[in-house]
Student: 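Before I ask anything, let me first share the structure, which is written out below as structure tokens.
Values below: all heavy atoms of this structure, side chains included; hydrogens, waters and symmetry mates excluded. Letters A, B, ... are given to chains in the order of the sequence lines, protein chains preceding strands, and every chain is numbered from 1.
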Amino acid sequence: MDYQFRDIEKKWQQFWADKQTYKVDNSSEKPKYYVLDMFPYPSGAGLHVGHPLGYIASDIFARYKRLKGFNVLHPMGYDSFGLPAEQYAIQTGQHPALTTEQNIATYRRQLDQIGFSFDWSREVRTSDPGYYKWTQWIFMQLFDSWYNLEADKAEPVEQLVRHFETSGSKGIKAVHDEDVKTFSAEEWKAMSSNEQQEELLKYRLTYLKESTVNWCPALGTVLANDEVKEGVSERGGYPVEQKKMMQWSMRITAYADRLLQGLDTIDWPEPLKEMQRNWIGKSTGASVKFALESETIKAGGSGAALNPELSPLNFIEVFTTRVDTIFGVTFLVIAPEHELVPVLTTAGQKEEIENYIAQTKKKTELDRMADTKSVSGAFTGSYALNPLDGARIPVWIADYVLAGYGTGAVMAVPSGDQRDWLFARHFNLPVIQILDAQKDVEHAADATKEGTYVNSDFINGMTYQEAVPALIAKLEELGAGKAKIQYRMRDAIFGRQRYWGEPVPVYFKDGLPHLIEESELPLVLPEVDKYLPTEAGDPPLGRATDWKYREGLPYELSTMPGWAGSSWYWYRYMASPEDRKEDVFAPAKTIEYWKDVDLYIGGSEHATGHLLYSRFWNKFLKDMGYVQEEEPFKKLINQGMIQGRSNFVYRLINEDGIGTHVFVSHGLKDQYHTAPIHVDVNIVENEVLDIEKFRKFRPEFENAEFILENGKYICGVEVEKMSKSKFNVVNPDDIIERYGADTLRLYEMFLGPLEQSKPWNTNGIEGVFKFLRKFWKLFHNDQFELAVSDQEPVKAELKSLHKIIRKVEEDIERFSFNTSVSSFMICVNELTDLKCNKRSILQDLLVVLSPYAPHITEELWHLLGNEQGSLSYASYPQFNPAHLVEDEFAYPISVNGKMRLNLNISLTMEAPEVEKLVLENADVQKYLDGKTPKKVIVVKGRIVNIVV
RNA sequence: GCCUGGGUGGUGGAACUGGUAGACACGCAGGACUUAAAAUCCUGUUCUCCUUACAGAGAGUGCGGGUUCGAUUCCCGCCCCAGGUACCA
């Protein structure tokens, strides 16, 4: 029989499922190995060709580890809460649970077709109440914990309460909000229960915090940055503004240092660690308080007479990494949202400031950070005083300073910072040189730390190293500042004004949050009539009837963010179906056995989201004694993304900044003010939009009008991430139908290095398919009858085999799967040329290939007379270097670095002999042209280079 | 803007630690088989110049410099593309 991939693949997939070939035990004599994939969000578009890239790589690795004698845990599940399902629910009215269920069924069918060796008995779904019960439980543990800096770990809030009861707030070193109170034990006891709760909330690891969001008044909801395009909502094109809102937050900053230090202990790609380091952004500097002028004047004079008991509203606090430049400060810039803006704005500046704030509200944070070209700002009319010399410093607002970032205020030193310099130039503010080594600060800032200080009061003549401690000592003495370590990372917002997420197990009493009872978990997501915000602007949960705790107390209405369920899921996989009958997320004994993930494969787009939050929760769970390891993922490999080709249409924006129903063709878009919108690649051919299909694409586009070029609407194209929200998804089903799963597996690996991103194309797939047919033919005669001989192999055959045994071993260990596929092709080409049909060669080759192409090898394994299904637990062949020994090498001979010819020379010969032999050679002489070589470089077994 | 990665033939890519650039495939061209097509097999295929041919010369790994006997690989400066940038997951 010719290679019948359809029958073969169906047969073995069924066999593996029936016999539970890949079900794994939580105990074994073999060493454990945990191979984990980042689980997918089950989108309505189905699995796309990008998902399997990582899954195939991890499956090859898992299968290889089994052949190497490990007890391998290789699970899969679904990150099934998320925005797209909810969006679909809003459009169609269908319950997201239902569509999610359907999507998962599609994913499962697609995954099964690819022949993965997952232990499906351990599947998890984050939207399953049996799963999110534990996500809620972890939230409750976080709420009940505080971070003790003394012990450098999280501890139960009870311990904090006990301390307050015995010693008050004295001696507590904790991570907490800025505004905690100072009190004695008696004062604590005298507080009402509500007052106590209010105070404790400032210490809890999950707490309520005011933060800025993208508010869309027309939709009555908060939008993700992702959903805001060019300042308007992607959906509907409505204006979006920045608004403050009370939200749940996680005190991840408590773990900043441990998250930083842990990076040195794990085997992750260096760039990824670097990204996390930069995200955490530890910087050492000083915080400095600039008193407000009016207050200081009331206090009776200059900066020297500063009042150390300054209340929060009469100074501006800044953080700086260059406290040495403090005498170069010529203005302060605070965020337009800064709480002092209304206090500082003088009557004369009121209009200007208000206009500027209105402008700022239209921009997203990203826009504000990204725009460094245009300088903008407004003067409040007020002044602050330099704490060291009492200099009057004007206070400005500008949108490049972000409120949620540090103190929301910066001291501007135009001579040392280019951004400040540009600002000073633009608004005609002075520039003061502060170091003698600074070059020409009239033309550009110079951030040097060299030289000695000038124009700098008592630090004049000092170096940087001398000035910093002197300044900090002085600031501390004046009560106007101190040394400080600051992190760029902010506490993580932990709430979404959405329906399709985990309910927060909290109710409110007297406006204060309280946990529900643990025995009441899971708090199941209630039914609602529509998945939209309420008329009052509350999240969709506000629509649920009787969504009340005991005594009619209201529940929290927001739900948990997408990253909640994925921040601990690898522990749930450890729990076998039997384990899951116990009332714990995973039994201690089980965690003791699996400990951590040995290999984690996933996209680098999760570098600072999922991977940081997971490490944070893991550390917390360890502090609480629930898990063993400080770090959850020992080794991590980033798979590159399979990118999609996206198509765009360009929506005309009217003068009010609102999206219209008019769309401009790509070639004409620059003549109008437009915003690009993704359009489904399936309704675009050769970049020409099918207008009729577009009208049906989304109901809001039904009456769309088009500005065409040459009678056609031409779409824009970009290579970007493949995702349903970008409407550029290509799925693997067609490929499997046409070529089979083994071809898909090999082809995805053959595409290039795992870590690299590349746009999807199917150009080379034929070659991979042909390779499998050639491999099949090695075992068969021309009539396609099995024809394998038991003859002894010859040297060339053994060489071919052992080359591939070693190559694949090396390749898999360094995750270079693409080069293995090429090597398999070379091997099969060689054996075909040798007409090799010897069992002793082919059977070992088959085992080596089996992790890559499990179906065809399983079939041939069985045809060779082995027990059905035993291939997965066979042994990887032993490499014997004796078969690869060479006695000659074709030395490339270069003249002046240019390769001229090859010479076969014995490898037993040492460098001087080789040199002599080469120089005597007649062909070499020809290139020397009678000249004597200046120098001859001989690298044994590598190269000869003659310099003339 | 900032952080991270990438850029090699018509295409995907190989060259693992500074040592033969283009392995292995796709595509394309020519040929064999066939009434024909598909499938299969064989040959060629970085570019430019030169040559009837054999052969030969030069250039070449995004661009411009540098280090080195030798650079796709190391260093400096740029350009372009992708991912992340805190409510997509």
Side-chain angles (χ1 to χ4, degrees), chain A residues 38-41 43 79 81-84 87 211 213-214 221-228 247 269-272 274-279 281 365-373 400 404 419 489-498 501 558 561-563 566 603-610 612 638 640-641 643 718-721 723-726 747 750-753 755-759 761-768 770-771 773 810-811 814 816 818-819 821-826 829 890-894 896-902 934-937 939 942-947:
Chain A
M38 289 183 188
F39 59 170
Y41 171 77
S43 113
D79 191 9
F81 272 133
L83 221 50
Q87 197 46 46
S211 25
V213 295
N214 299 311
T221 188
V222 173
L223 297 175
N225 282 335
D226 209 46
E227 300 172 293
V228 184
Q247 302 212 76
E270 202 45 54
L272 194 139
E274 196 58 25
M275 270 192 260
Q276 291 212 345
R277 282 189 197 109
N278 292 332
W279 181 268
E365 259 188 29
L366 189 58
D367 292 337
R368 286 168 61 172
M369 282 189 288
D371 183 14
T372 49
K373 292 210 174 67
Y400 73 87
R419 187 153 203 170
M489 182 169 65
R490 327 198 291 241
D491 277 344
I493 293 167
F494 194 77
R496 301 289 180 268
Q497 320 304 309
R498 304 285 179 171
S558 66
W563 57 270
S566 58
S604 64
E605 69 271 25
H606 298 287
T608 49
H610 164 61
L612 208 54
N638 277 135
M641 237 172 307
Q643 291 154 331
E718 259 174 57
V719 168
E720 57 182 0
K721 190 165 155 168
S723 119
K724 201 196 169 194
S725 66
K726 302 189 192 305
Y747 182 61
F750 188 63
L751 266 180
E755 293 92 335
Q756 234 166 67
S757 294
K758 50 238 153 192
N761 76 80
T762 49
N763 285 345
I765 200 159
E766 284 287 340
V768 172
K770 275 193 232 166
F771 155 75
R773 296 187 56 177
E810 283 173 359
D811 281 353
R814 68 191 170 96
S816 173
N818 57 322
T819 48
V821 180
S822 300
S823 304
F824 280 126
M825 289 174 173
I826 293 168
N829 288 346
Y891 277 89
I893 314 297
S894 306
N896 288 336
K898 189 147 189 67
M899 214 291 272
R900 292 298 178 178
L901 70 158
N902 287 98
K934 242 188 255 168
K935 195 171 175 186
V936 180
I937 289 115
V939 184
R942 271 243 132 104
I943 200 171
V944 178
N945 190 16
I946 305 166
V947 188

Student: Classify the nucleic acid contact of A:P40 as base, sugar-phosphate or nothing, counting any heavy atom under 4.0 Å across all strands shown.
Tutor: nothing
Student: Whole angstroms only, please: what is the CG-P distance between A:L223 and B:A89?
Tutor: 13 Å
Student: Once rounded to the nearest 0.5 Å, what's the spacing between atom CG of A:N763 and atom OH of A:Y747?
Tutor: 6.0 Å
Student: Reading RNA chain B from 5' onward, which residue's closest nucleotide shows up sooner: A:D811 or A:N761?
Tutor: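 Upstream on the strand: A:N761.
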Student: Say you pick atom C1' in B:G64 and the same atom in B:C54; how far apart are they, in whole Å?
Tutor: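 Going atom to atom, C1' in each nucleotide, I get 41 Å.
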Student: I'd like the C1' distance from B:C79 over to B:U68, given in whole Å.
Tutor: 27 Å
Student: What's the spacing between A:Q756 CD and A:L751 CG if we round to 0.5 Å?
Tutor: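 Going from the CD atom of A:Q756 to the CG atom of A:L751 covers 11.0 Å.
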Student: Would you kindly give the CD-to-P distance between A:Q87 and B:C87, to the nearest whole Å?
Tutor: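 Taking CD of A:Q87 and P of B:C87, I get 18 Å after rounding.
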Student: Detail all sub-3.5 Å separations between protein N/O atoms and N/O atoms belonging to nucleotides 1-7 of chain B.
Tutor:
residue: B:G1; atom: O4'; partner: A:A370; partner atom: O; Å: 3.3
residue: B:G1; atom: O4'; partner: A:T372; partner atom: OG1; Å: 3.2
residue: B:C3; atom: O3'; partner: A:N278; partner atom: ND2; Å: 2.8
residue: B:C3; atom: O2'; partner: A:N278; partner atom: ND2; Å: 2.8

Student: Can you check the distance between B:C81 and B:U8, where both ends of the measurement are the C1' atom (answer in whole Å)?
Tutor: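 Straight-line distance between the two C1' atoms is 16 Å.
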Student: To the nearest Å, give me how far apart CZ (A:F81) and C1' (B:C87) are.
Tutor: 16 Å
Student: Check the phosphate of B:U17 against A:R814, side-chain N and O only, distance under 4.0 Å to OP1 or OP2. Yes or no?
Tutor: no
Student: Using the P atoms only, state how far B:A25 lies from B:U35, rounded to an integer number of Å.
Tutor: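 The answer is 31 Å between these two P atoms.
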Student: Please round to the nearest 0.5 Å and tell me the distance separating atom CE of A:M275 and atom CG of A:L612.
Tutor: 12.0 Å
Student: Identify each atom pair where a protein N or O and an N or O of nucleotides 71-82 of chain B are less than 3.5 Å apart, giving names and distance.
Tutor:
residue: B:A82; atom: O2'; partner: A:Q643; partner atom: NE2; Å: 2.4

Student: Write down the distance separating the C1' atoms in B:G5 and B:G9, rounded off to the nearest Å.
Tutor: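 Per the computed distance, 24 Å lies between those C1' atoms.
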Student: So which one's nearest nucleotide on RNA chain B is more toward 5', A:G562 or A:N896?
Tutor: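 Per heavy-atom nearest nucleotide, the more 5' residue is A:N896.
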Student: Would you compute the distance between atom CD of A:E755 and atom OG of A:S604 and round it to the nearest 0.5 angstrom?
Tutor: 10.5 Å
Student: Looking at A:R942 and A:P892, what are the two nearest heavy atoms and their distance?
Tutor: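 In this case the closest contact between A:R942 and A:P892 is O-CD, 3.2 Å.
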Student: Step by step, would you call A:I893 with A:N902 a side-chain contact (heavy atoms from CB on, under 4.5 Å)?
Tutor: CA-CA 6 Å; A:I893 314 297; A:N902 287 98; over 6 Å; no
Student: Can you measure A:L751 atom CG to B:G13 atom P for me and round it to whole angstrom units?
Tutor: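 Rounded to the whole Å, the gap is 7 Å.
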Student: So which heavy atom on A:G495 is nearest to which on A:P561, and how close?
Tutor: N-CD, 3.9 Å
Student: For the P atoms, the ones on B:U45 and on B:A23, what distance do you get once it is rounded to whole angstrom?
Tutor: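 10 Å, rounded to whole Å.
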Student: Can you give me the closest heavy-atom contact between A:G603 and A:M38, atom names plus distance?
Tutor: N-SD, 3.7 Å
Student: To the nearest 0.5 Å, how far apart are CG in A:N945 and CZ in A:R900?
Tutor: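 Here the rounded value is 11.5 Å.
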Student: How far apart are the closest heavy atoms of A:D79 and A:G562, and which atoms are they?
Tutor: OD1-O, 4.1 Å
Student: Could you run down nucleotides 19-24 of chain B 5' to 3' and tag each one B, S or - for protein heavy-atom contact under 4.0 Å?
Tutor: BBS-BB
Student: Using a cut-off of 4.0 Å between protein heavy atoms and nucleotide atoms, how would you tag nucleotides 26-33 of chain B 5' to 3' with B, S and -?
Tutor: S-------
Student: Measure from the side-chain heavy atoms of A:Q497 and tell me the nearest of B:G83, B:C88, B:C87.
Tutor: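 So the nucleotide nearest the side chain must be B:C87.
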Student: Can you name the one residue among A:I943, A:I937, A:L901 that meets side-chain contact (heavy atoms from CB on, under 4.5 Å) with A:S894?
Tutor: A:I943
Student: Name the nucleic acid region contacted by A:V213, choosing base, sugar-phosphate or nothing; use a 4.0 angstrom heavy-atom cut-off, strictly under.
Tutor: base
Student: First locate atom CZ of A:R496, then atom CD of A:Q247, and finally report the distance between them rounded to the nearest 0.5 Å.
Tutor: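 Between atom CZ of A:R496 and atom CD of A:Q247 there are 8.0 Å.
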Student: If you look at every heavy atom in A:F39 and A:S566, which pair is closest and at what distance?
Tutor: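 Closest approach of A:F39 to A:S566: CE2-CB, 3.6 Å.
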Student: What string of B, S and - do you get for nucleotides 42-51 of chain B, 5' to 3', if B is base contact, S is sugar-phosphate-only contact and - is no contact with any protein heavy atom under 4.0 Å?
Tutor: ----------
Student: Using atom P of each nucleotide, how far apart are B:C26 and B:C41 to the nearest Å?
Tutor: 10 Å
Student: Answer syn or anti for B:G9, where the cut-off is 90° from 0 on the glycosidic torsion.
Tutor: syn
Student: Where are the stems of RNA chain B, defined as at least 3 consecutive Watson-Crick or wobble G-U pairs with both distances under 3.5 Å?
Tutor: B:1-7 with B:79-85, B:10-12 with B:24-26, B:27-32 with B:40-45, B:46-49 with B:56-59, B:62-66 with B:74-78
Student: With sugar-phosphate meaning primed atoms plus P, OP1 and OP2, does A:V947 contact a base, only sugar-phosphate, or nothing at under 4.0 Å between heavy atoms?
Tutor: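 The answer is sugar-phosphate, as A:V947 gets under 4.0 Å only of primed atoms, P, OP1 or OP2.
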Student: Check every strand shown and say whether A:G495 touches a base, only sugar-phosphate, or nothing at a heavy-atom separation below 4.0 Å.
Tutor: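 Since a base atom lies under 4.0 Å of A:G495, the category is base.
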Student: Looking at A:R368 and A:R419, what are the two nearest heavy atoms and their distance?
Tutor: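 So the minimum-distance heavy-atom pair works out to O-NH2, 4.5 Å.
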Student: Check the angle between the aromatic planes of A:H606 and A:H610 and answer parallel, tilted or perpendicular using the 30° and 60° thresholds.
Tutor: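 If you compare the ring of A:H606 with that of A:H610, the planes turn out perpendicular.
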Student: If I take atom CH2 in residue A:W563 and atom P in nucleotide B:U85, what distance separates them, rounded to the nearest angstrom?
Tutor: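 Whole-Å distance recorded here is 14 Å.
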Student: For A:H610, which contact category applies under a 4.0 Å heavy-atom criterion: base, sugar-phosphate, or nothing?
Tutor: nothing
Student: Given the C1' atoms of B:C76 and B:C28, what is the spacing between them in whole Å?
Tutor: 41 Å
